[in-house]
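Naming: A, B, ... by sequence-line order, numbering from 1 per chain. Quick note: numbers below take in every heavy atom, side chains included, and nothing from hydrogens, waters or symmetry partners.
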Amino acid sequence: MLREFFLNEVKTAVSLLVKDKKLGQMSLEDNYNLQSEIPKNSQFGDFAVNVSSLSRYTKLAPAKTAEIIASEINKSGFEINVTAGFINFKISSSMLNKIINEILEKKLDYAKNNVGKGEKVILEYVSANPTGPFHIGHGRWAAMGSALANIMKYSGYDVYQEFYINDAGSQIQKLGKSLYIRILQELGIEIDFPSDEEEAKNFYTGEFLIPVAKEFIEAEKERAKTIKNIWTGDFNEEQLKYISKYARLKMLAKQQALLKNFRTFFDNFFSEITLHESGKVENCIKKLQELGVLYEKDGAIWFASSKYGDEKDRVIKKSDGAYTYLTADIAYHYDKLQRGFTKLLNIWGADHHGYIPRMRAAVEVLGYNPDSLEVLLGQLVNLVINGEEVRMGKRTKMVTLDDLIDEVGVDATRYWMIMKSIDTTLDFDIELAKSKTDDNPVFYVQYAHARACSILRNASADKPDIINNTIQKGFEPDLSKADFNLIWIADDEKSVETTKKLILKLEEYKFVVQSAAKNKTPYLVTKYLQELACDFHKFYTFSKVLVENEKLMCARLSVVKAVILILKSAMNLIAVDTPEKM
RNA sequence: GCGUCCGUAGCUCAGCUGGAUAGAGCACCUGCCUUCUAAGCAGGGUGUCGAGAGUUCGAAUCUCUCCGGGCGUACCA
């Protein structure tokens, strides 16, 4: 990574100078922190390190400090100039050529790295109730989570993706009853959900269960007949149990199918029911009891979480004998820890943020570092239709993730969901995401890729000896026939400038991937893709690739090939397609 | 009330471990296709960085107060 390289040049120089007491009054004990950056204005250079902050130790003016450090650096392969407190580096064309060679050699693995150091991470996300279709917010977690998992794996984390199925609570009963009613309706019985608003809250009154009821009757003809015959105006316990299970498994299957279609792949779907049946919940409570953090009050059992940073204590076992959602979730996180994961990474909706302190408390009490729990809080998604924000409420018909994907496609949906920082409320503008014009960033990036592919296609048709399109070598330029120096001695200044910028941008991919992985910010990848596509389009405008001079042509073809590889690698990370033709 | 996220160009957002004239996309205007895909490129301007105070040689960035908006504040999940 060139950023790191130049930073190390400076750090090495500083260490040497300090050791010889040549850097003002700075001493070995002084704890300094430097960073390298890409100057906003490229006339300063290609990379820069600002050493102004060292002035507090050197007791010299920033410019003087920079001067001394710069004179200590051994320049090979780059130039240095000093302005104010900045040490600016300008890299040589041979370093640029090396970048292209490295990309063509490592291909999609160019930016693979090991900042994760094999850390065992369990990433839990989406984790919806199997009680209905996904809403668009689930889509955000699915897109973000799957992209993050890809990025982190690429960066050396050992990531295990898990979906916690919330299938044990009272909501399953509610789902079963609702399907029961829908089935009866389909069988021609006069019945409807309660008209009283309060009572209706015990049912899922949405229409999504109507097709499920139809499927049920089709698949379970005999049972349907029985259900109809024994209907007395009350739910039959045995039938309700059966229907509840049917509904639960059906909804889950639908969710799983959708996730797959949305390129979100989990290593495991963890059912809350199994947590109860295996006795893990009981065990966890026993453990908490032994640790002396539980007590009884008002007929309920409480967890003294307020002693561990929570604002108040929480109920573990309700006075009616049932466990709370939290209880099972503590047991679930305990299970994750016992499975050997050292980092529990969760994506939760912002509406769950109050939940973090109590879960941290639980992790701490159970004898683990509370920091092993890391929650990425996702702000919610608003749908914008025709410029109007659509609130998801009782009156408006819910727009499901299915609907959205049907409307705008998987690529655009994923891209838009990942594009913005997770900290900002996302306005998902359907019209914009659907548009096939320049206001749509997905197409801008895909177009760059298709355009680049088109050049290679044309080249291999005309010059098969320079660029090869056999199965083993997919549009691979023959590097031995390229002369990269021709790129840099072209008379066209714009061509040289935009090519250089493009290659530096390709190299930046390494830094972007690592930042996105470390900071858990997949949107950096989409931002980068935008910039890379832009730099490629500029290169395309100012540098004709298919020129007479075959050595120059081959050099430029290599640049194009490198762009395709990096675009593809980055798009793979966020799981968005890169069509070769558009 | 308390907790939390957000408030930067007309719109959507980057930048926030303090540092070189505050950036990008869209929208708007003007040019550029007999030449590798015009879903493209070139040029054009815009900011009391929500307000105020503080820390600092230096603040969009850190601290405090206030204002505005989202979310939460259950023996629901």
statement: Answer for the Watson-Crick or wobble partner of B:C62, both distances under 3.5 Å, is B:G54
message: Tell me which nucleotide, if any, is Watson-Crick or G-U wobble paired with B:C13 when both distances must be under 3.5 Å.
response: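 Pairing partner, where one exists within any strand: B:G23.
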Are any of the side-chain nitrogens in [X] or [Y] under 4.0 Å away from the carboxylate oxygens of its partner?
{"X": "A:D313", "Y": "A:K307", "value": "no"}
{"X": "A:D335", "Y": "A:K280", "value": "yes"}
{"X": "A:D371", "Y": "A:R360", "value": "yes"}

What is the separation between atom [atom1] on [X] and atom [atom2] on [N], rounded to the nearest whole Å?
{"X": "A:I356", "N": "B:G72", "atom1": "CD1", "atom2": "P", "answer": "14 Å"}
{"X": "A:Y447", "N": "B:U37", "atom1": "OH", "atom2": "C1'", "answer": "4 Å"}
{"X": "A:L426", "N": "B:C6", "atom1": "CG", "atom2": "C1'", "answer": "14 Å"}
{"X": "A:L60", "N": "B:C57", "atom1": "CG", "atom2": "P", "answer": "17 Å"}
{"X": "A:K59", "N": "B:C57", "atom1": "NZ", "atom2": "C1'", "answer": "13 Å"}

task: Kindly confirm whether the side-chain ring of A:H537 is stacked on the base of B:A39, judged by centres under 5.5 Å and planes under 30°.
output: no
Give one of base, sugar-phosphate or nothing for [X], where a contact means two heavy atoms less than 4.0 Å apart.
{"X": "A:D320", "value": "nothing"}
{"X": "A:K581", "value": "base"}
{"X": "A:Q379", "value": "base"}
{"X": "A:Y523", "value": "sugar-phosphate"}
{"X": "A:T424", "value": "sugar-phosphate"}

Protein N or O to nucleotides 8-12 of chain B N or O, pairs below 3.5 Å:
residue : atom : partner : partner atom : Å
B:U12   : O2'  : A:K420  : NZ           : 2.6

message: Considering only residues two or more places apart or on different chains, which pairs with a residue in residues 519-537 of chain A satisfy side-chain hydrogen bond (donor to acceptor under 3.5 Å, both in side chains)?
response: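 For residues 519-537 of chain A: A:Y415-A:Q530, A:R451-A:H537, A:K505-A:E531.
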[Y] and [X] aromatic ring geometry - parallel, tilted or perpendicular at 30°/60° bounds:
{"X": "A:H352", "Y": "A:Y355", "answer": "perpendicular"}
{"X": "A:Y332", "Y": "A:F270", "answer": "tilted"}
{"X": "A:F303", "Y": "A:Y308", "answer": "parallel"}

query: Can you give one letter per nucleotide of nucleotides 17-23 of chain B, 5' to 3': B if a protein heavy atom sits under 4.0 Å from the base, S if only from the sugar-phosphate, - if neither?
result: B-BBB--
Phosphate OP1/OP2 of B:A38: any A:R451 side-chain N/O under 4.0 Å: yes
task: Verify the contact: side-chain N or O of A:T324 to OP1 or OP2 of B:A74, cut-off strictly under 4.0 Å; return yes or no.
output: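 The answer is no; no side-chain N or O of A:T324 sits under 4.0 Å from OP1 or OP2.
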- prompt: Since syn is defined as within 90° of 0, does B:C71 count as syn or as anti?
  reply: anti
